[in-house]
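The first residue of the sequence shown is numbered 1, and numbering continues consecutively from there. This is a predicted model, so every value here is computed, not measured. Order of appearance sets the numbers: ligands from 1, and atoms from 1 within every ligand.
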Amino acid sequence: MAKPLIQIALDSLDYNATIQLAETVAPHVDIFEIGTPCIKHNGVNLVKDLRARFPDKLLLVDLKTMDAGEYEATPFYAAGADICTVLGVSGLATCKGVIKAANAHGAEAQIDLINVEDKVACARACAEAGAHIMGVHTGLDAQAAGHTPFGDLNDIARLGLNVRISVAGGIKASTVQDVVRAGANIIVVGAAIYGAPSPADAAREIRELVEAV
Ligand SMILES: O=C([C@H](O)CO)[C@H](O)[C@H](O)COP(=O)(O)O
């Protein structure tokens, strides 16, 4: 199996701080995620800017689309996104819209399973509809209430769907190897990198831990 990809969640609202963090951790990560608060605050121009600065990185725009999938996602793919996210709770029609927009741009659509009641059924239906990536995700608010993504990751991984699996939700150095072993293909790390005293060192450590599995 290919080595899992490491994704940094750029969750700041500040445009320049976002660019600066991207520059700092670039040697140690594969995917820049423009987080939901960040993309809402800064808009599509940030996608164009990061695309121009980092032509060799994958760029995920965490739109968490809830409606009008094709219409909302299209300009972000056109601006250079490799992956856009759509909420599983939005329903199959909206997910199919983002998948259609992704395919039109030679890009990928990720279904975010955050707050989906029946994650297995949603993942199966979206994979059948052509989704490229399934995102197992415990959001920041759920993390604050003590939840983790580990059980959901096992449930989705054992389905053996023809999709890559992304995992997000408080992943850190002490848990990153467990999620690799559980079958994650994309490891998302936010606070454990951007909140560290040295984000570059934290990102390097995550990379080394993933490589060592
Ligand atoms: O997607 C995220 C969250 O919903 C805010 O938009 C985070 O980027 C994601 O959870 C990764 O961050 P950490 O949980 O801090 O690793």
Side-chain angles (χ1 to χ4, degrees), residues 4-15 17-19 21-22 24-25 28-44 46-47 50 57-66 72-73 76 81-90 98 108-116 119 122 133-153 156 164-180 182 184-207 209-210:
L5 301 178
I6 297 169
Q7 175 174 318
I8 169 74
L10 303 167
D11 276 335
S12 171
L13 298 183
D14 186 277
Y15 192 103
T18 298
I19 300 290
L21 179 60
T24 302
V25 302
H28 313 296
V29 304
D30 305 293
I31 306 176
F32 288 135
E33 169 193 333
I34 306 176
T36 312
C38 184
I39 195 63
K40 286 188 178 180
H41 197 70
N42 293 293
V44 74
L46 178 59
V47 181
L50 283 169
K57 293 291 179 197
L58 292 169
L59 208 49
L60 178 145
V61 182
D62 195 11
L63 292 175
K64 292 191 179 78
T65 294
M66 186 61 182
E72 178 165 290
F76 292 92
D82 297 293
I83 306 163
C84 288
T85 65
V86 52
L87 292 171
V89 294
S90 69
V98 178
E108 295 187 300
Q110 175 169 319
I111 312 302
D112 188 335
L113 296 174
I114 188 171
N115 296 343
V116 170
K119 294 179 175 55
C122 180
I133 303 169
M134 214 50 64
V136 175
H137 183 194
T138 300
L140 298 173
D141 293 338
Q143 287 178 50
H147 299 286
T148 70
F150 308 123
D152 294 335
L153 174 61
I156 298 302
R164 289 188 291 157
I165 299 174
S166 165
V167 64
I171 308 299
K172 52 192 175 200
S174 61
T175 53
V176 71
Q177 293 189 321
D178 290 339
V179 297
V180 173
N185 308 107
I186 300 173
I187 319 289
V188 184
V189 185
I193 292 178
Y194 64 68
S198 165
D201 287 349
R204 185 185 304 108
E205 184 186 15
I206 295 285
R207 167 70 77 195
L209 288 164
V210 168

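- Using a 4.5 Å heavy-atom cutoff, the side chains of I156 and K119 are in contact.
- For the pair D62/C38, no side-chain contact is recorded, criterion being any heavy-atom separation below 4.5 Å from C-beta on.
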Which protein N or O atoms sit under 3.5 Å from any N or O of ligand 1? Give each pair with its distance.
{"unit_1": "ligand 1", "atom_1": "1 (O)", "unit_2": "D62", "atom_2": "OD2", "d": "3.2"}
{"unit_1": "ligand 1", "atom_1": "1 (O)", "unit_2": "K64", "atom_2": "NZ", "d": "3.3"}
{"unit_1": "ligand 1", "atom_1": "1 (O)", "unit_2": "H137", "atom_2": "NE2", "d": "3.4"}
{"unit_1": "ligand 1", "atom_1": "4 (O)", "unit_2": "K64", "atom_2": "NZ", "d": "3.1"}
{"unit_1": "ligand 1", "atom_1": "4 (O)", "unit_2": "H137", "atom_2": "NE2", "d": "3.4"}
{"unit_1": "ligand 1", "atom_1": "6 (O)", "unit_2": "K64", "atom_2": "NZ", "d": "3.1"}
{"unit_1": "ligand 1", "atom_1": "8 (O)", "unit_2": "D11", "atom_2": "OD1", "d": "3.4"}
{"unit_1": "ligand 1", "atom_1": "8 (O)", "unit_2": "D11", "atom_2": "OD2", "d": "2.8"}
{"unit_1": "ligand 1", "atom_1": "8 (O)", "unit_2": "E33", "atom_2": "OE2", "d": "3.2"}
{"unit_1": "ligand 1", "atom_1": "10 (O)", "unit_2": "H137", "atom_2": "NE2", "d": "3.1"}
{"unit_1": "ligand 1", "atom_1": "14 (O)", "unit_2": "Q143", "atom_2": "NE2", "d": "2.8"}
{"unit_1": "ligand 1", "atom_1": "14 (O)", "unit_2": "G170", "atom_2": "N", "d": "2.9"}
{"unit_1": "ligand 1", "atom_1": "15 (O)", "unit_2": "A191", "atom_2": "N", "d": "2.9"}
{"unit_1": "ligand 1", "atom_1": "16 (O)", "unit_2": "G190", "atom_2": "N", "d": "2.8"}

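- Under the 4.5 Å side-chain criterion, counting only non-hydrogen atoms from C-beta, V167 is not in contact with F150.
- Between I19 and L46, the closest side-chain pair of non-hydrogen atoms falls below 4.5 Å.
- Side-chain contact between V188 and S166 is present, with heavy atoms from C-beta onward closer than 4.5 Å.
- Using a 4.5 Å heavy-atom threshold, the side chains of H137 and Q110 count as separate.
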